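No experiment lies behind these values; they were computed from the predicted model shown.
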Amino acid sequence: MVAILCVGIGVVFGALNSHTVALDFGLRQIEAAPVGLSLLVALLLGAIVGGLVLELGVIWPLRRRLRQQASATVADGQSPDAADLSAP
């Protein structure tokens with residue numbers, strides 16, 4: 001339901017903002033880009049870049065630390081399932 005609602009809002013937003021704008025990227029300029037499409041593409045790129053930053057800055061270090069803790073417990077003779085891996 002939420003996805004259908006978001007698609008509907010996106011369609012209405014694009015229809016209401018159909019006039020074109022010029023986008024200047026420094027090295028290249030795009031003359032005829034609709035405002036609605038430009039904003040939706042910017043939102044999508046922001047979500048992708050934010051997800052990559054989260055993956056590289058938070059998730060990978062936590063996975064590495066979890067693997068180190070698991071290998072340390074195996075080296076101590078405990079099974080990884082029996083060890084308390086929830087401690088920071």
Side-chain angles (χ1 to χ4, degrees):
M1 283 305 263
V2 174
I4 293 171
L5 180 65
C6 288
V7 169
I9 290 172
V11 168
V12 170
F13 182 77
L16 292 175
N17 295 295
S18 62
H19 56 283
T20 59
V21 294
L23 300 174
D24 189 3
F25 295 105
L27 299 174
R28 181 167 176 174
Q29 185 174 6
I30 300 173
E31 290 295 331
V35 174
L37 178 64
S38 300
L39 289 174
L40 291 175
V41 167
L43 179 66
L44 178 64
L45 287 175
I48 290 171
V49 169
L52 288 174
V53 168
L54 181 68
E55 177 75 25
L56 295 174
V58 176
I59 296 174
W60 276 7
L62 288 175
R63 285 183 182 171
R64 186 173 4 118
R65 190 167 65 182
L66 185 61
R67 279 193 303 265
Q68 288 173 349
Q69 287 179 348
S71 65
T73 57
V74 170
D76 290 341
Q78 298 177 354
S79 69
D81 295 335
D84 181 21
L85 298 178
S86 62

Heavy-atom pair with the smallest gap, counting every atom of Leu56 and Pro61: O-CD, 3.6 Å
Would you say [X] and [Y] are hydrophobically clustered, going by side-chain heavy atoms of ILVMFWY under 4.5 Å?
X: Phe13; Y: Leu5; result: no
X: Leu62; Y: Leu54; result: yes
X: Val21; Y: Phe25; result: yes
X: Val35; Y: Val12; result: no

Distance in Å, Ile48 CD1 paired with Leu43 CG, rounded so as to fall on 0.5 Å steps: 10.0 Å
Distance (rounded to the nearest 0.5 Å) between Asp24 CG and Glu31 CD: 9.0 Å
